[in-house]
Visitor: 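A single structure is presented below for examination.
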There are 2 protein chains.
Amino acid sequence: MNEVFRALGDPTRREILTLLKRRDMTAGELAERFPLAKSTLSGHFNVLRHSGLIVSERHGTTIVYSLNLSAFEEALSAVMDLLHAGRPRPERKR
Amino acid sequence: MNEVFRALGDPTRREILTLLKRRDMTAGELAERFPLAKSTLSGHFNVLRHSGLIVSERHGTTIVYSLNLSAFEEALSAVMDLLHAGRPRPERKR
DNA sequence: ATCTTATTTCGGTGTTTGGCGAACTAGCGA
DNA sequence: TCGCTAGTTCGCCAAACACCGAAATAAGAT
């Protein structure tokens, strides 16, 4: 969860996510949308992947990135926890 | 909104928020809960205040911090935007 | 095998961030 | 006024971060 928030902390990464919410995209397609070096974008992909917010799948020479919805669910309920004061969430043992 | 995400990116700041969701607290009370210098915490308060997530009110010599719920609503719907709006949109013809 | 395309990893740099202690400000009471 | 307490601001440092170009990897095509 810590990783998720850190990942969401960068504007470029959030924009990557909003692009991916429309459709899956390859690393190259995504990189085209930004005025940054491909290597820089690749770094962002790594952060997002480690946070669990996106997943990657190799197709031949290209790598397709897509959103991992369940990671978003977690982020969502984390913010909700912060919101709904005094109501400790059950679940999640240990 | 950008500021909000940046503010949420730091674990210490998120912990400050979870403390404040239980009750309003003074800067000193909050600082006691962390193994950090007061000046460091003061910096975190500033970030949170500028992001709009908390508000401060002076009471004599102490400063009371409290959550600003509406900023959370915004953060919440921002994550929701990332989650819902868009993905499998079969887009009805017209 | 070699070439080409797609992408990542590596080494480096400049900037931002979180941390500290010391110095400063604000308000209160003697 | 002076002194005390609560907080903040200031100057500094080290670690983390975003960014780049160059080199490395991966896989299909020739």
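Just so it is clear, the values below take in all heavy atoms, side chains as well, and ignore hydrogens, waters and symmetry mates. Here is how names work: the chains are called A, B, and so on, in the same order as the sequence lines, proteins then strands, and each is numbered from 1.
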Visitor: Hydrophobic clustering (ILVMFWY, side-chain heavy atoms < 4.5 Å, transitive) - are F72(A) and V55(A) grouped together?
Guide: no

Visitor: Check every strand shown and say whether F34(B) touches a base, only sugar-phosphate, or nothing at a heavy-atom separation below 4.0 Å.
Guide: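 If one applies the 4.0 Å heavy-atom cut-off, F34(B) turns out to touch nothing in the nucleic acid.
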
Visitor: Choose from dT7(C), dA18(D), dG19(C) the nucleotide whose nearest atom is closest to any side-chain atom of H44(A).
Guide: dA18(D)

Visitor: Can you check whether L67(A) reaches I54(A) side chain to side chain, under 4.5 Å on heavy atoms?
Guide: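 Answer yes - side chains close enough.
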
Visitor: Look at the side chain of S42(B) against the base of dG7(D) and say whether a donor-acceptor pair falls under 3.5 Å; ignore hydrogens and angles.
Guide: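 Donor-acceptor pair under 3.5 Å: no.
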
Visitor: Look up atom OG1 in T26(B) and atom CD in E32(B), then write down how far apart they are to the nearest 0.5 Å.
Guide: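 One finds 7.5 Å between OG1 of T26(B) and CD of E32(B).
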
Visitor: Could you state the CG-P distance from D10(A) to dT17(C), rounded to the nearest angstrom?
Guide: 11 Å

Visitor: For DNA chain D, whose closest nucleotide is more 5', that of V64(B) or that of K38(A)?
Guide: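 Final value for this comparison: V64(B).
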
Visitor: Which part of the nucleic acid does R6(B) contact within heavy-atom distance under 4.0 Å: base, sugar-phosphate only, or nothing?
Guide: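 Sugar-phosphate contact only - R6(B) comes under 4.0 Å of backbone atoms but never of a base.
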
Visitor: Write down the distance between CG (L41(A)) and P (dT9(C)), rounded to a whole number of angstrom.
Guide: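 So the CG-P distance, L41(A) to dT9(C), works out to 14 Å.
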
Visitor: Taking only heavy atoms on the protein side, list every residue of residues 52-63 of chain B lying under 4.0 Å from any atom of DNA chain D, sorted numerically.
Guide: T61(B), T62(B), I63(B)

Visitor: Name the nucleic acid region contacted by R13(B), choosing base, sugar-phosphate or nothing; use a 4.0 angstrom heavy-atom cut-off, strictly under.
Guide: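 Answer is sugar-phosphate: R13(B) comes under 4.0 Å of backbone atoms only.
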
Visitor: Identify the residue among R22(A), R14(A), E15(A) that makes a side chain to side chain contact (heavy atoms under 4.5 Å, CB included) with T18(A).
Guide: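 Only match with T18(A) under side chain to side chain contact (heavy atoms under 4.5 Å, CB included): E15(A).
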
Visitor: Would you indicate whether the side-chain heavy atoms of M25(A) and L20(A) approach each other to under 4.5 Å?
Guide: yes

Visitor: Specify the separation, in whole Å, of atom CG of N46(A) and atom C1' of dC19(D).
Guide: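 Those two atoms, CG and C1', are 15 Å apart.
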
Visitor: Give, for atom OH of Y65(A) and atom CG of L53(A), the distance between the pair rounded to the nearest 0.5 Å.
Guide: 13.5 Å

Visitor: Once you round it to whole Å, what is the distance between C1' of dA18(D) and CZ of R14(A)?
Guide: 15 Å

Visitor: Which heavy-atom pair separates G52(A) from A71(A) by the least distance, and what is that distance?
Guide: O-CB, 3.2 Å

Visitor: Look at all strands and tell whether P35(B) reaches a base, only sugar-phosphate, or nothing, counting heavy atoms closer than 4.0 Å.
Guide: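 Sugar-phosphate: the residue P35(B), judged by heavy atoms under 4.0 Å, touches backbone atoms but no base.
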
Visitor: Nearest to the side chain of F45(B), which nucleotide is it out of dC19(D), dC20(C), dT8(D)?
Guide: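 So the side chain of F45(B) is nearest to dT8(D).
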
Visitor: Nearest to the side chain of T40(B), which nucleotide is it out of dC20(C), dG7(D), dT7(C)?
Guide: dC20(C)

Visitor: Expressed as a whole number of angstroms, how long is the span from I16(A):CD1 to dT7(C):P?
Guide: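 Result: 13 Å.
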
Visitor: Rounding to a whole Å, what distance do you find between L36(A):CG and dA18(D):P?
Guide: 11 Å

Visitor: Rounded to the nearest 0.5 Å, what separation is found between the OG atom of S42(A) and the CG atom of L30(A)?
Guide: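 S42(A) OG to L30(A) CG: 11.0 Å, rounded to 0.5 Å.
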
Visitor: Take atom OH of Y65(B) and atom C1' of dG7(D), then tell me their distance rounded to the nearest Å.
Guide: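 Spelled out: OH on Y65(B) to C1' on dG7(D) is 8 Å.
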
Visitor: Expressed in angstrom and rounded to an integer, what is the separation of H50(B) atom NE2 from dT17(C) atom C1'?
Guide: 16 Å

Visitor: Side chain of S39(B): nearest nucleotide among dC20(C), dA22(D), dG18(C)?
Guide: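 Nucleotide nearest to S39(B)'s side chain: dC20(C).
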
